[in-house]
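Reading through the structure tokens given below for one structure.
None of these values were measured; they are calculated from a predicted model. Hydrogens, waters and symmetry mates are skipped; everything else that's a heavy atom, side chains included, is used.
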Amino acid sequence: MVSARPWSHRPSLIDGSLMPNRKTNRSPADALTYDAVGATRPAKNQWSAEITGLRSWSRTVAIGYGDRDWHTAADAVLRWGVKRHSGFTVTPCGSAGEHVASGAEYLITTGFGPFKVREPVRVVAVVDTPDRCGFAYGTLPGHPVCGEEAFIVHRSPGGTVTLTIRSLTRAAPHHPWRLLFPVLLLAQQLFRRRYTRALTSQQATTP
């Protein structure tokens, strides 16, 4: 049995609105590698995908129904369940925890044998409300692409649980893999198919 989430005991929303990178005490090398930070707008039902220089993609699929599926999906998405159940390893960096938080950084890895793709990212927006949970992360230097991706689960008034995936992508101009960007796009299509099934598969194995 999945226990109810105590939404009343936490801030209802952290919305990553469209904004330029802000100056912090980080070095320039630690800046996000794109300008439209928060453009995937995980807290919003609608988003503008017309971002100059970035390929946009979005899909929404039904993944369950009722309170049990909702609580399972909501908990999973905020713990990187979509990525982890799609074959990625997600490692928290610094003080980051397993549960996503705005500003937390992670290293995402995937690959076979000695061939690994390493993707440093930072969470740029989080939404956690009784009917909508998810987050967006942006790319840091060293990532083979530039852009942002968001995973959001939503519960309709009728009880249907859906997963929405939003993505904005372009080749990283100075990454050694930039000439292989078409290959990365093909791999991206494969993983997107896995994303749409990731939380459904997890719910099927949850007692």
Distance col, row Tyr34:OH vs Thr139:OG1, nearest 0.5 angstrom, shows 6.0 Å
Between the CZ atom in Arg55 and the CG atom in Leu168, the distance rounded to the nearest 0.5 Å is 12.0 Å
Identify the heavy atoms of Ala150 and Pro42 that sit nearest to each other, and give their distance.
CB-CB, 4.5 Å
Separation of Gln46 CD from Arg41 CZ (nearest 0.5 Å):
12.0 Å
All heavy atoms of Ser167 vs all of Thr169, minimum pair found to be OG-OG1, 3.1 Å
Suppose we call two aromatic rings close when their centres sit under 6.0 Å apart. Are Tyr106 and Tyr137 close by that rule?
no
Classify the ring geometry between Tyr195 and Phe151 as parallel (under 30°), tilted (30 to 60°) or perpendicular (over 60°).
perpendicular
Go through the steps for Thr162 and Thr60 under the test side-chain hydrogen bond (donor to acceptor under 3.5 Å, both in side chains), then give the verdict.
CA-CA 7 Å; Thr162 57; Thr60 298; 5.9 Å; no
List the steps, then state whether salt bridge (Lys or Arg N to Asp or Glu O under 4.0 Å) holds for Arg155 with Asp69.
CA-CA 10 Å; Arg155 174 170 55 176; Asp69 285 351; over 6 Å; no
Can you list the steps and then say if Phe88 with Thr109 is a side chain to side chain contact (heavy atoms under 4.5 Å, CB included)?
CA-CA 6 Å; Phe88 292 84; Thr109 57; over 6 Å; no
Which heavy atom in Val126 sits nearest to a heavy atom in Ala101, and how many Å separate them?
CG2-C, 4.0 Å
Apply the test salt bridge (Lys or Arg N to Asp or Glu O under 4.0 Å) to residues Glu105 and Arg122: give CA-CA distance (whole Å), side-chain angles for both, the deciding distance (0.1 Å), then the verdict.
CA-CA 4 Å; Glu105 296 183 0; Arg122 180 185 303 154; 2.8 Å; yes
Please name the pair of heavy atoms, one in Arg170 and one in Thr33, separated by the smallest distance, quoted to 0.1 Å.
NH2-O, 3.2 Å
Under the criterion side chain to side chain contact (heavy atoms under 4.5 Å, CB included), I'd like the reasoning laid out for Val145 against Glu119: C-alpha separation, chi angles, the key distance, then a yes or no.
CA-CA 9 Å; Val145 303; Glu119 305 176 355; over 6 Å; no
Using modelled atom types only, decide if a donor and an acceptor are shared between the side chain of Arg197 and the backbone of Ser86 within a distance under 3.5 Å.
no
Return yes if some donor-acceptor pair links the side-chain N/O of Thr72 with the main-chain N/O of Arg68 below 3.5 Å, else return no.
yes
What heavy-atom pair brings Phe135 and Val77 nearest, and what distance separates the two atoms?
CE2-O, 3.1 Å
On a heavy-atom basis, the closest approach of Gly138 and Val124 is N-CG1, 4.0 Å
Would you say that Ile152 contacts Leu163 through its side chain, given a criterion of any heavy-atom pair below 4.5 Å between the two side chains?
no
Step by step, would you call Leu107 with Arg118 a side chain to side chain contact (heavy atoms under 4.5 Å, CB included)?
CA-CA 7 Å; Leu107 179 64; Arg118 293 172 173 81; 4.1 Å; yes
Roughly how far, to the nearest 0.5 Å, is CZ of Arg59 from OG1 of Thr196?
5.0 Å
For the backbone of Ile165 and the side chain of Glu149, can you confirm whether one donor and one acceptor N or O come within less than 3.5 Å of each other?
no
Kindly indicate, with the supporting measurements, whether the criterion side chain to side chain contact (heavy atoms under 4.5 Å, CB included) is fulfilled by Thr40 and Trp47.
CA-CA 6 Å; Thr40 55; Trp47 69 304; 4.2 Å; yes
Using only atom types and a distance under 3.5 Å, with no angle test, would you say the side chain of Arg84 pairs donor to acceptor with the backbone of Ala76?
no
Quick check: Tyr65 with Trp70 (ring centres under 6.0 Å apart)?
no
